[in-house]
**Student:** 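Please find one structure pasted underneath; my questions will follow.
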Amino acid sequence: MGSEAVDRAFADIRAALAVLNAEVDGCSAEEFSAADPLAGLAGGSLDILAGAKEAEAGLAGLKVRAAMKYADTAHALSPPGAPVQAQEVAVAAEIGCVLALGPRAASAFLSVSHALTTTLPVTLAALQAGTISWQHALALADEAATLDLAGAAALEAHFLDPNTPRPTTAATAGDIPAHRLRHKARTWRERHHAESIEKRHAKGAADRRVEYRPDQDGMAWLSAYLPAAQAMAGWNRLNALARAAQGPHEPRTLTQLRADAFAEAILSSGTGHTDSTHDDNSNGSSNGGGAVSSNYAGPGKGAGQGTPIRAQVLVTVPVLTLMGQTDEPAMLDGYGPIPPSMARDLVANGADSFHRVLVDPRDGAPLEIGRSSYRVTKAMRNWLRLRDGQCPFPGCSNSSLDNEADHLLAWHHGGTTGISNLGQPCPKHHKLRHTTGWAPTPATKNQPPGWTSPTGRHYKSEHQDWEPPHWPESALSASQRLKPAVRHKRRAQQPLPYPPLPAASGGHADLLHRGPSQAEVELEEFLYGSG
């Protein structure tokens with residue numbers, strides 16, 4: 001009978017759990033390692049964790065399928081003419097009681113389960129196979145919720161299809177924490193959504209707000225829903241103010257200092273001084289992508305005296321988007337894709353200077369920034385920001401603006417000062433590297449280092465999701481009108497045909513107002529010369 005088979009299966013699962021618990025307690029008749037029992041127990045415990053992760057994901061997939069099968073049969077058993085909404089509430093109530101979930105949580109679980117079984121079959125298969133967790137599946141389902149069927153299928157294929165090209169050193173979707181997969185999936189969604197990011201941002205900006213939520217022990221949360229550039233600038237400024245206040249006689253932690261700076265800013269006429277921690281060695285692009293380090297004073301002014309809040313913002317913007325030729329999203333460091341209009345505002349009103357950044361037209365990865373050097377120059381530090389995005393330690397989301405350049409192979413061990421021998425771990429993981437057995441693995445100019453743990457396990461790095469820049473039809477048609485000989489000669493001289501940004505500070509503002517015809521002429525001359 002079916003019920004008997006179910007009972008036997010779960011009895012076997014409970015028996016297996018008892019065996020595994022005995023192994024963790026070291027009560028097994030057979031040791032993990034007779035030569036080194038303690039080390040064997042440590043390694044065996046990690047093996048059990050890895051197996052439990054896979055089994056837990058498989059059970060989550062089973063719950064999804066069982067919930068939807070119950071929902072389908074409950075609807076089939078309902079009397080003719082029964083209100084659909086009442087039936088849905090009844091189904092959610094039953095599942096909520098079985099899983100000990102509240103009404104809202106049960107409805108949300110059913111909604112995600114429906115999406116996985118109808119529009120995200122690859123995600124469900126990965127969940128059942130144990131290659132991703134329930135939280136990974138939830139992240140993909142949330143980001144696919146506003147996509148059409150084709151968009152949802154493309155999202156799944158990008159992250160879960162084993163045939164999708166990706167670097168061999170890049171971690172797979174299931175190997176990175178779910179919150180990092182959510183960030184990567186959101187980035188992909190913003191780039192590939194059928195509706196313009198400008199239109200979606202306008203809707204979101206209309207919902208900007210500040211929220212207050214009481215909490216325990218006389219505390220409360222005060223949060224703001226803001227345009228990304230403003231929020232990122234404010235966060236970076238709080239970090240800069242907090243780090244500047246640290247010292248041998250400062251007892252407060254970085255977290256406490258950040259909170260105190262925030263409270264001072266909103267309860268007084270401002271922080272009382274101008275932030276001088278910004279880096280004037282900012283970046284701009286000549287490519288299909290440029291980075292602009294901007295001391296951004298967004299549309300809103302600071303409190304009280306009208307002093308703008310100025311903070312460092314790193315934004316990578318395709319130059320043709322900067323010129324108004326395409327609507328390709330820009331990338332705000334520490335956040336992800338932003339509308340072109342926001343990027344143009346950051347460049348026109350906030351950037352102090354430009355440095356050229358070349359990217360590969362095939363995949364959008366940066367190729368070089370500034371000059372080579374035998375010391376860790378500011379240009380090299382900016383390169384590391386573009387290469388890694390955040391601290392390269394597995395799962396760390398620490399913004400690259402807080403991180404520290406570090407030699408992977410120490411100088412006194414023969415290491416050189418070059419991009420391929422540099423990492424940018426956050427202070428926490430920089431200290432971890434030098435005080436424990438954790439060690440970074442080799443990197444390249446375009447790929448961050450992975451890490452090896454004291455137990456010898458290797459963890460791959462999370463790579464940036466570069467994409468090739470979009471070229472407008474006007475630019476492509478301009479190149480086709482040129483003489484073949486001239487075109488061949490120019491390509492031989494300049495293998496990366498990207499239009500240059502102005503070298504002088506402030507020149508980028510003029511670029512924003514030039515008409516399409518002038519932009520086309522400049523692009524044509526840069527690509528293949530004026531002959």
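Everything numeric here is computed off the predicted structure, so don't read it as measured data.
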**Student:** With sequence neighbours left out, what residues match Asp148 under side-chain hydrogen bond (donor to acceptor under 3.5 Å, both in side chains)?
**Tutor:**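 Testing Asp148 for side-chain hydrogen bond (donor to acceptor under 3.5 Å, both in side chains), a comparison that skips the adjacent residues, returns none.
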**Student:** Sequence neighbours left out, what pairs pass side-chain hydrogen bond (donor to acceptor under 3.5 Å, both in side chains) with at least one residue falling in residues 153-171?
**Tutor:**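 Every side-chain hydrogen bond (donor to acceptor under 3.5 Å, both in side chains) pair that includes a residue of residues 153-171, provided the two are not neighbours, is Thr123-Glu156, Thr169-Gln447, Thr169-His463.
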**Student:** List, one per line, each side-chain donor-acceptor pair under 3.5 Å for residues 432-439, sequence neighbours excluded.
**Tutor:**
{"unit_1": "Arg433", "atom_1": "NH1", "unit_2": "Asp406", "atom_2": "OD2", "d": "2.6"}
{"unit_1": "Arg433", "atom_1": "NH1", "unit_2": "His407", "atom_2": "O", "d": "3.0"}
{"unit_1": "Arg433", "atom_1": "NH2", "unit_2": "Leu408", "atom_2": "O", "d": "2.6"}
{"unit_1": "His434", "atom_1": "NE2", "unit_2": "Asp406", "atom_2": "OD1", "d": "3.4"}
{"unit_1": "His434", "atom_1": "NE2", "unit_2": "His430", "atom_2": "NE2", "d": "3.3"}
{"unit_1": "Thr435", "atom_1": "OG1", "unit_2": "Lys431", "atom_2": "O", "d": "2.6"}
{"unit_1": "Thr436", "atom_1": "OG1", "unit_2": "Leu432", "atom_2": "O", "d": "2.6"}
{"unit_1": "Thr436", "atom_1": "OG1", "unit_2": "Trp438", "atom_2": "N", "d": "3.3"}

**Student:** Tell me every residue that passes side-chain hydrogen bond (donor to acceptor under 3.5 Å, both in side chains) with Ser420, counting only those two or more places apart in sequence or in another chain.
**Tutor:**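 Testing Ser420 for side-chain hydrogen bond (donor to acceptor under 3.5 Å, both in side chains), a comparison that skips the adjacent residues, returns none.
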**Student:** Apply side-chain contact (heavy atoms from CB on, under 4.5 Å) to Leu46 and list each qualifying residue two or more places apart in sequence or on a separate chain.
**Tutor:**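 Only Leu49, Thr455, Arg457 meet the side-chain contact (heavy atoms from CB on, under 4.5 Å) criterion with Leu46.
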**Student:** Answer whether the closest heavy-atom distance between the side chains of Arg189 and Thr146 falls below 4.5 Å.
**Tutor:**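 In contact.
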**Student:** Between Pro337 and His201, is any pair of side-chain heavy atoms under 4.5 Å apart?
**Tutor:**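 A side-chain contact is absent here, since even the closest heavy-atom pair is not under 4.5 Å.
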**Student:** Under the rule for ring pair (Phe, Tyr, Trp, His ring centres under 6.0 Å), what residues qualify as partners of Phe109, not counting sequence neighbours?
**Tutor:**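 So Phe109 forms a ring pair (Phe, Tyr, Trp, His ring centres under 6.0 Å) with Trp134.
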**Student:** Pair Arg182, His179 - check side-chain hydrogen bond (donor to acceptor under 3.5 Å, both in side chains), show working.
**Tutor:** CA-CA 5 Å; Arg182 183 179 294 274; His179 78 278; over 6 Å; no
**Student:** When rounded to the nearest 0.5 angstrom, what is the spacing between CD in Glu143 and CZ in Phe159?
**Tutor:**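 That separation rounds to 9.0 Å.
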**Student:** List the residues meeting side-chain hydrogen bond (donor to acceptor under 3.5 Å, both in side chains) with His136, not counting sequence neighbours, and say none if there are none.
**Tutor:**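 Expected list: Ser133.
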**Student:** Within a reach of under 6.0 Å around CD1 of Ile13, are more than 12 heavy atoms found that belong to other residues, nucleotides or ligands?
**Tutor:**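 Buried by this count: over 12 neighbours within 6.0 Å.
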**Student:** Mark yes or no for whether Arg387, through its side chain, and Thr444, through its backbone, hold a donor-acceptor pair below 3.5 Å.
**Tutor:**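 A pair under 3.5 Å: yes.
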**Student:** Can you find a heavy atom in the side chain of Leu254 that is under 4.5 Å from one in the side chain of Gln246?
**Tutor:**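 In contact.
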**Student:** Charged N to carboxylate O under 4.0 angstrom, Arg180 versus Glu462?
**Tutor:**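 Salt bridge flag = yes for Glu462 with Arg180.
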**Student:** Evaluate whether atom NE2 of His192 has more than 12 neighbouring non-hydrogen atoms of other residues, nucleotides or ligands under 6.0 angstrom away.
**Tutor:**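 Atom NE2 in His192 is packed in, count exceeds 12.
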**Student:** Decide side-chain contact (heavy atoms from CB on, under 4.5 Å) for Cys426 and Phe393; before the verdict, give the C-alpha distance in whole Å, the side-chain angles of both, and the deciding distance to 0.1 Å.
**Tutor:** CA-CA 8 Å; Cys426 67; Phe393 191 86; over 6 Å; no
**Student:** Name all residues meeting the side-chain hydrogen bond (donor to acceptor under 3.5 Å, both in side chains) criterion together with Arg200; count only those two or more places apart in sequence or in a different chain, and write none if there are none.
**Tutor:**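 Once residues adjacent in sequence are excluded, the partners of Arg200 under the side-chain hydrogen bond (donor to acceptor under 3.5 Å, both in side chains) criterion are Glu190.
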**Student:** Any heavy-atom pair between the side chains of Gln135 and Leu138 that's under 4.5 Å?
**Tutor:**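 In short, these two side chains touch, coming nearer than 4.5 Å.
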**Student:** Nearest 0.5 Å, please: how far is CD1 in Ile132 from CD1 in Ile176?
**Tutor:**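 Ile176 CD1 to Ile132 CD1: 11.0 Å, rounded to 0.5 Å.
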**Student:** Got a salt bridge between Lys203 and Glu198, using NZ or NE/NH1/NH2 to carboxylate O under 4.0 Å?
**Tutor:**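 No, no charged N to carboxylate O under 4.0 Å.
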**Student:** Would you call Cys391 and Gln424 a side-chain contact if the rule is heavy atoms closer than 4.5 Å?
**Tutor:**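 No. Closest side-chain heavy atoms not under 4.5 Å.
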**Student:** Provide the closest heavy-atom pair for Tyr225 versus Gly204 in the form atom of the first, atom of the second, distance.
**Tutor:**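 Heavy atoms of Tyr225 and Gly204 come nearest at CE2-O, 3.6 Å.
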**Student:** Report the distance from atom OG1 of Thr452 to atom OH of Tyr459, rounding to the nearest 0.5 Å.
**Tutor:**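 Output value for this atom pair is 9.5 Å.
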**Student:** Show the nearest heavy-atom pair for residues Leu120 and Ala141, with the distance to one decimal.
**Tutor:**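 Heavy atoms of Leu120 and Ala141 come nearest at CD1-CA, 3.6 Å.
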**Student:** Run the side-chain contact (heavy atoms from CB on, under 4.5 Å) test against Thr255 and tell me which residues pass, sequence neighbours left out.
**Tutor:**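 Partners of Thr255 under the side-chain contact (heavy atoms from CB on, under 4.5 Å) test: Thr253, Arg258.
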**Student:** Which distance, rounded to the nearest 0.5 Å, do you find between the NZ of Lys63 and the CG of Leu127?
**Tutor:**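 Going from the NZ atom of Lys63 to the CG atom of Leu127 covers 10.0 Å.
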**Student:** With the threshold set at 4.0 Å, does a side-chain nitrogen-carboxylate oxygen contact exist between Lys460 and Asp175?
**Tutor:**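 Looking at Lys460 and Asp175, the cut-off is not met.
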**Student:** Does the pair Leu257 and Leu241 meet the rule for a side-chain contact (heavy atoms from CB on, under 4.5 Å), with working shown?
**Tutor:** CA-CA 8 Å; Leu257 287 167; Leu241 291 172; over 6 Å; no
**Student:** What residues form a side-chain contact (heavy atoms from CB on, under 4.5 Å) with Glu54, not counting sequence neighbours?
**Tutor:**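 Partners of Glu54 under the side-chain contact (heavy atoms from CB on, under 4.5 Å) test: none.
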**Student:** His458 versus Trp451: any side-chain heavy-atom pair under 4.5 Å?
**Tutor:**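 His458 does not reach Trp451 side chain to side chain.
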**Student:** Can you tell me how far apart CG (Leu147) and CH2 (Trp188) are? Round to the nearest 0.5 Å.
**Tutor:**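 Taking CG in Leu147 and CH2 in Trp188, the distance rounds to 6.0 Å.
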**Student:** Asn21: what forms a side-chain contact (heavy atoms from CB on, under 4.5 Å) with it, not counting sequence neighbours?
**Tutor:**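 Partners of Asn21 under the side-chain contact (heavy atoms from CB on, under 4.5 Å) test: Leu17.
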**Student:** Just how far is it from atom OG1 of Thr172 to atom CG of Leu160, taken to the nearest 0.5 Å?
**Tutor:**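 Reported value, rounded in 0.5 Å steps: 9.0 Å.
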**Student:** Could you tell me which non-hydrogen atom of Leu116 sits nearest to which non-hydrogen atom of Leu124, and how far apart they are?
**Tutor:**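 Taking every non-hydrogen atom into account, O-CB, 3.7 Å.
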**Student:** Measure the shortest side-chain to side-chain distance between His193 and Ile197 over non-hydrogen atoms and say whether it is less than 4.5 angstrom.
**Tutor:**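 No, their side chains stay 4.5 Å or more apart.
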**Student:** Please report the closest heavy-atom contact between Met342 and Pro227, naming both atoms and the distance.
**Tutor:**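 Smallest interatomic distance, heavy atoms only, reads CE-CB, 3.9 Å.
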**Student:** With sequence neighbours excluded, what pairs up with Arg191 under the salt bridge (charged side-chain N to carboxylate O under 4.0 Å, His left out) test?
**Tutor:**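 Arg191 satisfies salt bridge (charged side-chain N to carboxylate O under 4.0 Å, His left out) with Glu467 once adjacent residues are dropped.
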**Student:** Answer yes or no: is there a donor N or O on one side and an acceptor on the other, between the side chain of Ser461 and the main chain of Gly450, under 3.5 Å?
**Tutor:**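 Judged by distance alone, no pair lies under 3.5 Å.
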